[in-house]
Asker: 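One structure coming up, written as structure tokens, with questions to follow.
These numbers come from a predicted model, not from an experiment. So that the names make sense, note that chain A is the first sequence line, chain B the second, and so on, each numbered from 1.
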2 protein chains.
Amino acid sequence: MTRLRTAPAAAHPTADALALLGLAAEFEFEAFVRLAGDAAEAPSYTQRQEIARASRHAVEREERLVARIVELGGDPAETMAPFDGIVADFELRTTAGDWWERLLKAYVGYELADDFLRLLARGTDPGTRHLVDQLLDDPTHSDLVVRELSAALADDGVLASRLALWGRRLVGDALGVMQGLVARYPALTRLLDASSEQAVGDEDRITRLFALLTAEHTRRMERLGLTP
Amino acid sequence: MTRLRTAPAAAHPTADALALLGLAAEFEFEAFVRLAGDAAEAPSYTQRQEIARASRHAVEREERLVARIVELGGDPAETMAPFDGIVADFELRTTAGDWWERLLKAYVGYELADDFLRLLARGTDPGTRHLVDQLLDDPTHSDLVVRELSAALADDGVLASRLALWGRRLVGDALGVMQGLVARYPALTRLLDASSEQAVGDEDRITRLFALLTAEHTRRMERLGLTP
């Protein structure tokens with residue numbers, strides 16, 4: 001059922017910006033922890049070192065986001081608490097079978113999360129939006145994944161088929177997590193609506209979100225030579 | 001059997017410095033991973049944030065040590081590889097029962113490791129020694145542990161007894177790991193000897209090392225109000 005209505009008013013622009021910052025900071029914190037674990041499992045020293053650096057960048061971003069939360073008068077612990085377990089929620093839906101699946105999982109998940117956060121940031125004040133855009137512009141992890149996976153996939157059609165299928169499962173899981181977040185937090189709905197040119201209904205909002213995120217995801221899979 | 005002999009000549013001062021740097025870099029890398037896991041388990045937002053910062057500092061130190069390895073003409077992967085699993089070796093000997101035991105375990109282990117690395121660094125070239133001294137001078141983690149444990153121990157004699165016992169087990173385990181390292185790597189033996197005023201035999205060397213490390217450990221336990 002598509003129920004058209006005007007977008008909910010952004011009655012609390014600072015509270016809404018804080019919701020985004022809390023989500024982004026919690027996401028970066030959990031990405032930091034998860035990437036540290038990935039670094040420990042990396043099959044080569046070079047990968048280990050680059051993933052460790054990506055992990056360090058994630059915790060640095062979290063610290064910058066926390067500083068912005070404080071700047072806007074928010075309490076970091078309270079602002080991040082609602083999003084506790086956000087990466088774990090995605091993690092638990094599917095278990096990576098080997099290193100390649102693990103690498104692709106992090107890539108798909110983090111890139112989709114970045115797109116989602118950037119989209120939400122469009123609905124916030126210019127300072128917050130600028131900070132989010134600037135922080136998320138970090139290719140450390142994606143460059144590594146594209147290089148390693150491209151090399152592994154070059155002559156391995158079986159791996160390519162397996163990872164293409166895996167990528168399709170992952171994008172579904174990630175979109176499910178985001179849909180759940182939007183459903184639970186009215187602030188995120190308001191930010192999504194504020195990021196758009198026109199007011200939309202609940203179903204249209206999710207359809208539009210999925211369309212935007214899926215388009216970017218498809219481009220990334222194609223960059224790896226995988227059928228999206 | 002105490003077998004007096006002259007200290008082995010530091011025939012390869014750069015190779016010996018590289019052994020220290022490889023050990024230190026591997027230690028910092030593993031501390032980074034382990035602290036990221038601790039941050040994820042921390043019982044409060046403040047502790048989580050501080051432990052995450054300590055983890056970030058550890059990986060920053062690792063990056064600086066790797067840069068020094070490269071400066072001295074070493075290959076980072078080869079230089080660190082012999083020490084792979086060094087923290088895990090300590091981890092596996094005893095399993096922390098709760099958060100306080102986990103906090104004390106990290107504190108005892110990391111502080112002893114720092115003392116050990118500083119001592120070994122005395123046997124290296126001034127540039128390496130200065131770098132190690134400078135890098136290890138970071139109170140982020142120890143300040144947190146002392147603050148949190150002191151508060152928890154203030155009115156809890158039962159916890160104090162338990163942690164005092166736990167501290168004694170931990171120091172034994174950590175010294176065992178270091179003794180194993182010195183036994184396996186002649187470079188570390190040469191650095192230990194070069195750090196001392198006089199040449200000593202194998203048993204005297206270990207006795208002296210344990211005496212130095214235990215004295216510092218005792219001071220730290222007393223600072224926490226624990227019977228060493």
Asker: Heavy-atom pairs under 4.5 Å with chain B - which of A:A39, A:A40, A:P76 has more of them than the others?
Answerer: A:P76

Asker: List, with distances to 0.1 Å, the donor-acceptor pairs found between chain B and chain A - the cut-off being under 3.5 Å and no angle criterion applied.
Answerer:
residue: B:E26; atom: OE1; partner: A:R48; partner atom: NH1; Å: 3.2
residue: B:E26; atom: OE1; partner: A:R48; partner atom: NH2; Å: 2.8
residue: B:E26; atom: OE2; partner: A:R48; partner atom: NH1; Å: 3.4
residue: B:R48; atom: NH1; partner: A:E26; partner atom: OE1; Å: 3.2
residue: B:R48; atom: NH1; partner: A:E26; partner atom: OE2; Å: 3.4
residue: B:R48; atom: NH2; partner: A:E26; partner atom: OE1; Å: 2.8
residue: B:Q49; atom: NE2; partner: A:E62; partner atom: OE1; Å: 2.8
residue: B:Q49; atom: NE2; partner: A:E62; partner atom: OE2; Å: 3.3
residue: B:R56; atom: NE; partner: A:E63; partner atom: OE1; Å: 3.0
residue: B:R56; atom: NE; partner: A:E63; partner atom: OE2; Å: 3.1
residue: B:R56; atom: NH2; partner: A:E63; partner atom: OE1; Å: 2.9
residue: B:R56; atom: NH2; partner: A:E63; partner atom: OE2; Å: 3.3
residue: B:E62; atom: OE1; partner: A:Q49; partner atom: NE2; Å: 2.8
residue: B:E62; atom: OE2; partner: A:Q49; partner atom: NE2; Å: 3.4
residue: B:E63; atom: OE1; partner: A:R56; partner atom: NE; Å: 3.0
residue: B:E63; atom: OE1; partner: A:R56; partner atom: NH2; Å: 3.0
residue: B:E63; atom: OE2; partner: A:R56; partner atom: NE; Å: 3.1
residue: B:E63; atom: OE2; partner: A:R56; partner atom: NH2; Å: 3.3

Asker: Shortest non-hydrogen contact from B:V59 to A:A52?
Answerer: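 Minimum heavy-atom separation between B:V59 and A:A52: CG2-CB, 3.9 Å.
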
